[in-house]
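The structure appears below as structure tokens.
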Amino acid sequence: MARILITSAIPYINGIKHLGNLVGSQLPADLYARYMRARGHEVMFICATDEHGTPAELAAAKAGMPVAEYCAKMWAVQKELADGFGLSFDHFGRSSSEQNRILTQHFARRLGENGLIEVVTEKQIYSVADGRFLPDRYIEGTCPNCGYEKARGDQCENCTKQLEPTDLIEPRSAISGSTELEVRETRHLYLRQSRLRDRLETWIDSKTDWPVLTTSIARKWLHDGDGLQDRGITRDLDWGVPAQFEGAPWEGMEGKVFYVWFDAPIEYIAATWEWADAQGLSDNDWKRWWRSDKGAEDVRYVQFMGKDNVPFHTLSFPATIMGSGEPWKLVDYIKSFNYLNYDGGQFSTSQGRGVFMDQALSILPADYWRWWLLSHAPENSDSEFTWENFQVSVNKDLADVLGNFVSRVTKFCRSKFGEAVPAGGAWGEQEKALIRDLGQRIRTYEQHMDAMEIRKASGALRAIWGAGNEYLQSAAPWAAFKTDPERAAAIIRLSLNLIRLYAVVSAPFIPDASAKMLEAMHSDDDSWPEDPGSALTTLPAGHGFTVPEMLFRKITDEERAEWQQRFAGRRD
RNA sequence: GGGCCCGUAGCUCAAUUGGUCAGAGCAGAGCGCUCAUAACGCUUUGGUUGGGGGUUCGAGUCCCUCCGGGCCUACCA
């Protein structure tokens with residue numbers, strides 16, 4: 001048994017995530033966690049909300065509530081949606097937790113003591129009307145290059161030229177529109193990650209099995225220009241982890257907080273601590289996942305994230321860990337994803353374009369979404385959601401192939417033998433061939449799952465489902481029943497057992513349907529079919545079952561057309 | 001501007017380090033079956049691998065170039 005630590009990139013607190021966000025981190029992480037648990041491994045699966053930063057403060061102000069209250073409310077919303085999608089986190093934490101405050105300040109102090117933090121005085125734009133310093137992209141103005149009037153302080157969207165906020169003509173606050181802007185001096189802590197460049201590069205170079213997407217982004221940052229640059233890790237905000245605290249090796253940081261990207265990854269650790277506290281466990285119960293001096297040497301740590309998160313997970317967070325000089329766990333494997341597009345364009349949170357998690361669950365159960373999203377995960381390039389493709393995949397794979405298999409077997413048995421596993425007959429050549437075939441297909445499935453090749457794994461699973469229909473067609477119990485009922489009984493006994501086997505191997509992808517299948521088979525034996533032959537004798541003759549409700553319904557053309565129109569733009 | 005990724009059958013995607021007629025699923029066509037959610041099984045039609053050039057005994061794979069799409073570019077997260 002191995003020990004596997006799995007973290008999903010933590011979703012930002014601000015608003016409800018769309019399906020592209022879901023498939024880029026939380027959902028594949030859940031698939032992997034469920035699979036590894038099913039294989040008997042000890043798993044710690046961690047996620048949380050990322051709550052600090054300017055957008056959270058602004059969203060709270062817009063909602064007319066204190067930021068802490070807003071975050072608490074949105075955490076509950078996201079938690080409920082995560083539960084709705086069956087995301088099996090061992091703990092869904094909050095980056096605003098007390099545990100994260102303690103750890104974030106701890107890491108900062110260690111980095112400071114190790115000479116890796118520097119106080120830098122710099123000039124930033126301050127908005128008097130808003131009473132806050134403005135991040136570059138919260139400043140709007142006219143582009144000096146092309147004359148576009150809504151250029152942002154970091155880049156002009158129209159001509160793509162990169163800008164400094166002071167380049168803008170008639171700059172104004174993007175928040176209030178106020179033109180009362182001043183350049184003010186402010187002091188910030190910088191993480192001197194340039195000093196760790198060689199160590200980081202050696203470390204990245206050792207990861208020869210990582211996806212190209214992951215390593216190429218890391219290398220770009222390591223080599224771009226003068227190489228890895230130092231990075232400001234504090235901000236002039238109210239909401240966050242205070243940068244000035246008891247024991248801090250610097251002064252004058254009162255009123256400042258750590259940058260959200262400094263404390264967010266630390267929340268992976270903090271959330272594990274939150275988990276231990278919530279369970280009433282000891283310090284060592286969470287440290288054994290994170291500290292190699294506390295029993296984490298044998299832990300394999302896997303992170304899941306979208307490509308936009310890669311620089312922070314390959315460089316700045318590892319720099320934080322390495323720079324601490326303490327034996328915290330570094331990531332062993334990063335699985336990164338491209339983006340999922342929506343019907344010819346991008347999902348857009350601001351425009352409400354695409355399907356969001358709450359909307360998805362309001363029209364179809366989670367398993368339908370899980371299956372489509374995972375079997376089309378954007379692993380090698382950006383991929384695309386279309387309603388036509390969604391309808392066809394769900395109807396064919398889930399309803400016709402898997403759902404109908406369960407239906408035809410259970411209904412045939414009920415009508416010919418009653419609602420119990422029939423006795424009599426024996427396995428022949430066809431059964432031996434099926435078992436050999438299943439053994440191979442399951443092994444292929446396991447290999448893809450172990451390698452986190454999600455699309456390939458879904459294809460292998462579909463092939464396992466297909467094997468059942470192929471077998472039924474060639475064994476033809478409906479024909480055998482007329483001349484040799486015992487033979488038909490043997491076929492159906494195996495087929496009913498096959499339903500239980502399908503429930504077990506399919507559970508990582510479609511946990512709710514799998515639970516229904518097990519329930520219909522009146523079984524709670526969810527042990528992995530290490531040996532298909534014996535797995536198919538789990539339900540003995542005489543064992544009762546129930547014909548289940550339709551496992552998956554089909555999506556009609558009318559529904560597809562309606563949804564296509566409903567989600568084309570503008571969220572209500 | 002710089003960097004990276006991608007372009008393969010009508011659609012969604014595969015093709016170990018360059019190595020036998022470029023493969024699946026879906027859609028299409030034909031046949032079979034009738035237990036089942038008009039479901040299932042079998043067979044089968046689709047490709048000058050975006051265009052052009054080059055290296056090689058051999059290129060979807062490597063190099064150059066052009067076209068098209070996407071991402072990142074360090075103060076959104």
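In what follows, chains carry the letters A, B, and so on, assigned in the order in which the sequence lines appear, proteins first and then strands, with residues in each chain numbered from 1. Just so we're clear, the structure is a prediction, and the values are computed from it rather than from any experiment. Basis for what follows: all heavy atoms, side chains included, without hydrogens, waters or symmetry-related copies.
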Exercise. May I ask you to say whether A/Arg441 pairs ionically with A/Glu470, meaning some side-chain N is under 4.0 Å from a carboxylate O?
Key: yes
Quiz item: Do A/Glu122 and A/Arg184 sit within salt-bridge range, that is, some charged N less than 4.0 Å from a carboxylate O?
Solution: no
Self-check item: Criterion ring-ring contact (aromatic ring centres under 6.0 Å, His included) on A/Trp387 and A/Trp372, from CA distance to verdict
Solution: CA-CA 11 Å; A/Trp387 287 101; A/Trp372 190 90; 9.5 Å; no
Quiz item: Using a cut-off of 4.0 Å on non-hydrogen atoms, how would the nucleic acid contact of A/Thr54 be classed: base, sugar-phosphate, or nothing?
Solution: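 Sugar-phosphate, no base atom in range.
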Self-check item: Toward the 5' end of RNA chain B, by each residue's nearest nucleotide, A/Asn389 or A/Gly403
Solution: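 The residue whose closest nucleotide sits nearer the 5' end is A/Asn389.
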Exercise. With RNA chain B as reference, determine whether A/Asp400 or A/Gln124 sits nearer its 5' end, using the nearest nucleotide of each.
Key: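 Looking at RNA chain B, the more 5' nearest nucleotide goes with A/Asp400.
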State whether [X] places a side-chain N or O below 4.0 Å from either non-bridging phosphate oxygen (OP1 or OP2) of [N].
{"X": "A/Arg137", "N": "B/rC76", "result": "yes"}
{"X": "A/Lys396", "N": "B/rC40", "result": "yes"}
{"X": "A/Tyr126", "N": "B/rC75", "result": "no"}
{"X": "A/Lys456", "N": "B/rA15", "result": "yes"}
{"X": "A/Arg231", "N": "B/rC75", "result": "yes"}
{"X": "A/Tyr259", "N": "B/rC76", "result": "no"}
{"X": "A/Lys411", "N": "B/rU37", "result": "yes"}

Grab the [atom1]-[atom2] distance between [X] and [N] for me, whole Å please.
{"X": "A/Glu453", "N": "B/rC13", "atom1": "CD", "atom2": "C1'", "result": "13 Å"}
{"X": "A/Asp154", "N": "B/rU73", "atom1": "CG", "atom2": "P", "result": "9 Å"}
{"X": "A/Arg408", "N": "B/rA38", "atom1": "CZ", "atom2": "P", "result": "12 Å"}
{"X": "A/Arg187", "N": "B/rC75", "atom1": "CZ", "atom2": "P", "result": "19 Å"}
{"X": "A/Asp136", "N": "B/rC75", "atom1": "CG", "atom2": "P", "result": "8 Å"}

Quiz item: Distance-only, no hydrogens or angles: does the A/Gln26 side chain make a donor-acceptor pair with backbone N or O of A/Ala82 under 3.5 Å?
Solution: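 No, the answer is negative, given that no donor and acceptor are paired below the 3.5 Å cut-off.
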Practice problem: State whether the side chain of A/Glu431 and the backbone N or O of A/Gly428 hold a donor-acceptor pair below 3.5 Å, judged by distance alone. | Solution: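 Confirmed, A/Glu431 side chain pairs with A/Gly428 backbone.
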Quiz item: Has A/Trp478 got its ring stacked on B/rC35, by the test of a centre gap below 5.5 Å and a plane angle below 30°?
Solution: yes
Exercise. Give none if B/rC33 has no partner; otherwise give the nucleotide forming a Watson-Crick or G-U wobble pair with it, both distances under 3.5 Å.
Key: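 Across any shown strand, B/rC33 pairs with none.
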